[in-house]
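Letters A, B, ... are given to chains in the order of the sequence lines, protein chains preceding strands, and every chain is numbered from 1.
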Amino acid sequence: MARFPPSHGVHQPPISTRDAEDPALHIYNHGVHRDAFLSLLDVNLPAELWRLIAQVPRGCVTTYGALADALGDRVAARWVGELLMDHAHDVDCPCHRVVRRNGEPGLYIAGGAAAKLSRLASEGIPIEHGRASLERHFAGFQSAAPLRGLKEFQQQVPARLDLRCFDGTVRRIAALDMAYVSSSTAVAVGVIADATSLETMSTLTITSPVMFPYISGYLAFRELPALLSLWKQMQSAAPAADVVLIDGNGSLHPRRAGIAACFGLLTDVPTIGIGKSLLCGRVDVAGLRVGDTRPVIDRDELIGLAVKSADRSRPIFVSAGNYVDIPQAAQLVQRMFAGHRLPEPLHQADRLTKQRVRELRMPSSS
DNA sequence: GCGACAG
DNA sequence: ATCTTGTCGC
């Protein structure tokens with residue numbers, strides 16, 4: 001039976017001072033975190049962005065980055081561009097007033113860059129060498145900067161995780177994964193597997209509406225609602241798991257608050273983050289052989305481990321969620337490989353998730 | 001021009 | 001994540 005060894009040989013006290021008095025306080029705190037998280041989800045980010053774009057007056061321009069800043073984080077600039085290329089456009093739409101920082105028009109949903117520039121010209125914006133003048137750029141956004149609040153929540157996460165190494169026996173592993181039927185509908189799959197044989201014991205599949213866009217660093221706000229709903233249903237339908245693998249990072253995150261960390265905080269279960277590409281930090285994967293690991297370092301801190309899981313596969317990135325540390329997470333995951341790039345339970349969840357998406361996309365499946 | 005961002 | 005055919009290699 002798989003067992004977590006204390007990875008540094010240091011035995012932690014069985015009960016931390018934080019919850020020594022009252023085990024229920026633990027539950028209470030997680031309820032508070034869950035409520036705080038859920039209230040943050042009330043924000044309608046696309047609506048907020050349109051509210052901002054509508055503030056740009058005729059005869060003025062703004063930039064993708066300025067809008068992202070007004071939302072609360074410059075990293076959202078890419079999503080701003082995505083939304084402007086995928087929305088219900090009409091002749092009154094002001095989306096042509098958003099240009100690149102250097103005056104290049106960027107993409108335009110209705111007729112391409114040339115059409116965008118001519119619309120700007122017709123509003124009195126000087127155009128030179130194919131670029132819009134930024135002379136009259138609007139900078140007075142009235143905004144609640146919703147991403148700032150989400151970022152502040154993330155900044156509180158690391159201190160609220162339990163840093164003690166998990167030292168229980170791992171009999172069952174849960175693995176959670178998602179895929180998308182459309183931009184607003186996701187399929188989420190949970191797999192429970194035996195930790196020794198890696199055989200799948202049970203699976204649960206749900207579909208769930210997704211409101212929040214994908215923005216790098218904010219994945220949890222997009223995918224956690226569905227995963228929490230899935231998890232809740234798994235509690236009554238499946239045998240309990242001792243550790244949960246999540247498709248996405250935990251500590252390997254700019255604020256050490258990836259989706260696996262948030263899930264572990266909100267559900268109070270041991271979690272491990274599994275990423276397929278590097279979100280942040282630096283790592284040298286040259287010459288990695290199956291079974292090898294390499295540290296992922298960010299700001300002089302170990303935030304995850306690159307793990308070579310299979311021969312002709314790129315490494316995966318393992319990081320800590322709740323109740324595990326990084327070396328321990330990697331040790332455990334390395335016992336779950338069965339010839340695929342992903343640990344077997346997550347590989348199965350990934351298969352099922354994509355299978356279900358295919359089924360739902362077939363017109364005949366009603 | 002380059003780097004660069006989980007899913 | 002998704003858009004997508006054949007093709008290379010075990």
So does [X] get a side-chain nitrogen or oxygen closer than 4.0 Å to the phosphate oxygens (OP1/OP2) of [N]?
{"X": "A:K276", "N": "B:dG7", "value": "yes"}
{"X": "A:R256", "N": "B:dA6", "value": "no"}
{"X": "A:S277", "N": "B:dC5", "value": "no"}

How long is the line joining [atom1] of [X] and [atom2] of [N], in whole Å?
{"X": "A:L279", "N": "B:dC5", "atom1": "CG", "atom2": "P", "value": "8 Å"}
{"X": "A:R222", "N": "B:dG7", "atom1": "CZ", "atom2": "P", "value": "13 Å"}
{"X": "A:F221", "N": "B:dC5", "atom1": "CZ", "atom2": "P", "value": "20 Å"}
{"X": "A:L342", "N": "B:dA6", "atom1": "CG", "atom2": "C1'", "value": "13 Å"}
{"X": "A:K354", "N": "C:dT4", "atom1": "NZ", "atom2": "P", "value": "16 Å"}
{"X": "A:D350", "N": "C:dT2", "atom1": "CG", "atom2": "P", "value": "9 Å"}
{"X": "A:I272", "N": "B:dA6", "atom1": "CD1", "atom2": "P", "value": "21 Å"}
{"X": "A:I259", "N": "C:dA1", "atom1": "CD1", "atom2": "P", "value": "13 Å"}

Describe, in one word, how the ring planes of A:F221 and A:Y218 are oriented to each other, choosing from parallel (under 30°), tilted (30 to 60°) and perpendicular (over 60°). tilted

Would you say the ring centers of A:F337 and A:H347 fall short of 6.0 Å from each other? no

Taking the ring of A:F37 and the ring of A:F153, is the distance between their centroids below 6.0 Å? yes

Stacking between A:Y214 and the base of B:dG7 (centre distance under 5.5 Å, interplanar angle under 30°)? yes

Side chain of A:R78 only, heavy atoms from C-beta on: which candidate in B:dA6, B:dC5, C:dT2 is closest? B:dC5

Remember a base hit wins even if backbone is also touched, and classify [X] as base, sugar-phosphate or nothing at under 4.0 Å, heavy atoms.
{"X": "A:G275", "answer": "sugar-phosphate"}
{"X": "A:L278", "answer": "sugar-phosphate"}
{"X": "A:G217", "answer": "base"}
{"X": "A:Y218", "answer": "base"}

Passing option when A:V296 is tested against A:L305, A:L302, A:L278 for side chain to side chain contact (heavy atoms under 4.5 Å, CB included): A:L278

Charged N-O contact under 4.0 Å between A:D298 and A:R256: yes

Whichever of A:D247 and A:R312 has its nearest DNA chain C nucleotide further upstream toward 5': A:D247

